Protein chains: 2
Amino acid sequence: MNIGEIARRAGVSRSTVSYALSGKRTVSAETRHRIQAVIDELDYRPNAAARALKEGRTRTLGLVIPPASLRLTDMQLRFVASVVEAAARADFDVLLSPSGGDHDRSFERIVTGRRVDGVILMEIRLEDERVNRLERTGLPFVTIGHTANPGRTWWVDLDYAALVARCVHHLADLGHRRIALINRSTELVAAGYGPAQRALAGFTEAVHERGLTGVDLCCGDDPASGEACLEQLLDRHPDVTAITTVNEAALHGVQRGLDRAHLVVPRDLSIAGVVAPHWAEDFRPPLTAADVPTEMGGHAVDLLLERIATPDAPPRHLLLRPPVSLRSSTGPAPTR
Amino acid sequence: MNIGEIARRAGVSRSTVSYALSGKRTVSAETRHRIQAVIDELDYRPNAAARALKEGRTRTLGLVIPPASLRLTDMQLRFVASVVEAAARADFDVLLSPSGGDHDRSFERIVTGRRVDGVILMEIRLEDERVNRLERTGLPFVTIGHTANPGRTWWVDLDYAALVARCVHHLADLGHRRIALINRSTELVAAGYGPAQRALAGFTEAVHERGLTGVDLCCGDDPASGEACLEQLLDRHPDVTAITTVNEAALHGVQRGLDRAHLVVPRDLSIAGVVAPHWAEDFRPPLTAADVPTEMGGHAVDLLLERIATPDAPPRHLLLRPPVSLRSSTGPAPTR
DNA sequence: TTGTAGGCGTTATCAC
DNA sequence: GTGATAACGCCTACAA
């Protein structure tokens, strides 16, 4: 089924059908209706490939996700869902590419085969070869997280430094003097993974500013690591009275560790984190946390569409700093 | 950058470049190398839209996911990741469409605009309009889960009935006489959602076969519902000594409920489920469970590629029945 | 208000 | 072993 067939059956030329569809020139009401009737009858829709070839754009966005072999965190997956949803609202489709490093076949196909009008890149490293690759091709892209020199590129990110700092200040205000940070994994920190590094930076600075004692721990993205991490903390730093964390995935393990140590939150220990609302609400007691917004994917899509529309516009960034929602996991420091 | 430009620079015709790339006719080693040199230099890759237009296929698969507004379960998200990964291995890209009902713009675009060579449909209802829609268009598709008349379509599914039955038998063998099923939500059961209905059917039959007393409960896909559900169970049916569940997402809540009631698993209560390995291993104690395989997405992709390659082949199905992994959450029924 | 025709970048048929 | 050329289905300048 193609436009020529519609034209034939409606007794008009192909261009008339095309114009009736696009509205880019006036078509008499009568012809328009006749054409529409045929279209409805045959359930015709223009061939996307032909249109893309002619127009030079695909109405498709590429979303580069970490390879599934590294099990995606809940936060990453929610992000994917929100991107797809936001794109659909703008009548864009989303093409997924699971590629970690560069030189990935699927990444190359998407980037250089003109399969997409723009790309969203997740899980950015401070030095990221894929960013260079995209800059060279000239394909519009937006990153989630930013690289070492963030001025040149378009990105949306969470201000982990500020958010962790806020948690620290909140805990300090409650009288806590010894605070621990449960960060992401050692490997991520070593690999130059921005969120982990900035969380640490914000923690260190706030702790220093308030004259507190800080302990920072790396922790894998899973409950078992969380439990181990908490045990280690209680063992080596028993005088810590508050914890701040950016590691959602470890949270259940942390909770288990607390239960096993018979610690009552917030009586014995306060916790504040940077965490998605549903994780915070699933914690017992509900976790005081900077609520990671669900609409980050939507912001990324908005930025990307804007960049596609105005390729020469100066780079725009979005550094999100959601407020800390006070729940029940933080309280006055225990007086010993 | 297009094939003509490559041809010009290599001093050959466009067809020669095309054949050098595809290998569909012999090209002398010398010309081949000359062409390859130019391609490497300019980092040329064929335009996907042009190729799709000419070949009539896109090397892209569509994956229809539930709209993000209904928060995707961990199992669904893992499934998406595995599909993308498997498709990438076969050099196929994946286009995502978040569409619940029919008449969805994004669904229509994908199905009828020839944007994809085939579709994978998740979250099938026993009566599913999207399946009818796809059958009418003739686009190859594979469903995860099956409809009321499964003979006609291609699908891969988990044999929930058999798996739940196995759990029941295992518990019966351990001496349990009163067993509860924690199923998915009331809404899903009411909507004719296959897994929930078959889990119930398998449960009911096995319970009957062994002459047991069965209690079946619906439970929302989240920890809070799990906790509420367990409380209700303990309250109304205090004589139940074993639970079987297909509701991963409620598991943490169930655990919390058990803790609050000071019940020790498996001493006071045994639990066996149909659950992904990482959920089972995160439970305390580790959960005896039929391990939902991670490669379901891969199977779906294999089936779909096969169907695309041989459109007239008779329907194939895959009803997976992974073994129950014995962990530590099941034990002899308590003697009172 | 409508029709004609050329071209987007590829692949494949035909000819040499 | 290689080159010219005709499609694939759409959009849009140009012509009427």
Side-chain angles (χ1 to χ4, degrees), chain A residues 1-36 38-39 42-60 91 93 109-117 137 139, chain B residues 1-36 38-39 42-60 91 93 109-117 137 139:
Chain A
M1 188 48 42
N2 61 35
I3 201 173
E5 180 67 12
I6 305 294
R8 205 179 56 70
R9 300 207 189 199
V12 296
S13 75
R14 291 179 308 168
S15 55
T16 303
V17 176
S18 177
Y19 284 119
L21 240 30
S22 70
K24 291 193 179 169
R25 91 179 179 193
T26 45
V27 174
S28 75
E30 197 214 340
T31 2
R32 195 156 16 99
H33 290 142
R34 205 166 62 241
I35 291 172
Q36 192 56 51
V38 178
I39 287 179
L42 300 187
D43 196 23
Y44 164 78
R45 212 121 355 194
N47 178 304
R51 174 176 276 179
L53 178 58
K54 174 64 186 165
E55 295 195 327
R57 64 207 206 96
T58 60
R59 294 169 182 282
T60 304
D91 280 328
D93 291 314
R109 256 200 320 267
I110 283 189
V111 167
T112 186
R114 310 213 164 286
R115 289 182 69 76
V116 299
D117 297 337
T137 67
L139 192 63
Chain B
M1 188 49 40
N2 60 36
I3 201 172
E5 181 66 15
I6 304 294
R8 207 180 54 69
R9 299 210 190 196
V12 295
S13 74
R14 288 178 306 168
S15 48
T16 303
V17 175
S18 177
Y19 284 117
L21 239 31
S22 70
K24 289 190 182 172
R25 90 180 179 191
T26 44
V27 173
S28 75
E30 197 213 341
T31 13
R32 196 158 13 104
H33 289 141
R34 204 167 62 242
I35 291 171
Q36 192 56 51
V38 178
I39 287 178
L42 300 188
D43 195 24
Y44 162 78
R45 213 119 356 193
N47 178 304
R51 175 176 274 182
L53 177 58
K54 178 61 186 164
E55 295 195 326
R57 62 207 206 98
T58 58
R59 295 168 183 281
T60 303
D91 280 326
D93 291 314
R109 258 202 317 269
I110 284 190
V111 167
T112 186
R114 310 212 164 285
R115 289 183 70 77
V116 299
D117 297 337
T137 67
L139 192 62

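Owing to the predicted nature of the structure, the values given are computational and were not obtained by experimental measurement. Chain letters run A, B, ... following the sequence lines, proteins first and then strands; every chain starts at 1.
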Sequence-aligned protein contact record of nucleotides 1-7 of chain D, with B where the base is within under 4.0 Å of a protein heavy atom and S where only the sugar-phosphate is: SBBBBBB
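Chain A approaches DNA chain C over the interval dT1(C) to dG9(C), counting the first and last nucleotide 5' to 3' with an atom under 4.0 Å from its heavy atoms.
The main-chain N or O of Ser28(B) is found under 3.5 Å from a side-chain atom of Thr31(B) such that the two form a donor-acceptor pair.
When side chains are defined from C-beta on, Arg9(A) counts as touching Glu5(A), because their heavy atoms get closer than 4.5 Å. In this structure, the side chains of Asp93(A) and Arg115(B) come closer than 4.5 Å at one or more pairs of heavy atoms.
Taken from CD1 in Ile3(A) to OH in Tyr44(A), the straight-line distance is 4.5 Å, to the nearest 0.5 Å.
Residue-to-nucleotide proximity on DNA chain D shows that, of Glu55(B) and Ser18(A), the 5′-proximal contact is made by Glu55(B).
Here the rule is side-chain contact (heavy atoms from CB on, under 4.5 Å) with Pro46(A), and of Met1(A), Lys54(A), Arg51(A) only Arg51(A) fits it.
With rounding to whole Å, Ile6(A) atom CD1 is found 12 Å from dC11(D) atom P.
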Run the side-chain donor-acceptor check on residues 15-22 of chain A: report pairs under 3.5 Å with partners two or more places apart or on a different chain.
{"from": "Ser15(A)", "atom 1": "OG", "to": "Ser13(A)", "atom 2": "OG", "distance (Å)": "3.0"}
{"from": "Thr16(A)", "atom 1": "OG1", "to": "Ser13(A)", "atom 2": "OG", "distance (Å)": "3.2"}
{"from": "Ser22(A)", "atom 1": "OG", "to": "Ser18(A)", "atom 2": "O", "distance (Å)": "3.4"}
{"from": "Ser22(A)", "atom 1": "OG", "to": "Lys24(A)", "atom 2": "N", "distance (Å)": "3.2"}

Full working for side chain to side chain donor-acceptor pair (under 3.5 Å) between Asp117(B) and Thr58(B): CA-CA 6 Å; Asp117(B) 297 337; Thr58(B) 58; 3.1 Å; yes
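The shortest non-hydrogen separation linking Ala49(B) to Ala52(A) is CB-CB, 3.8 Å.
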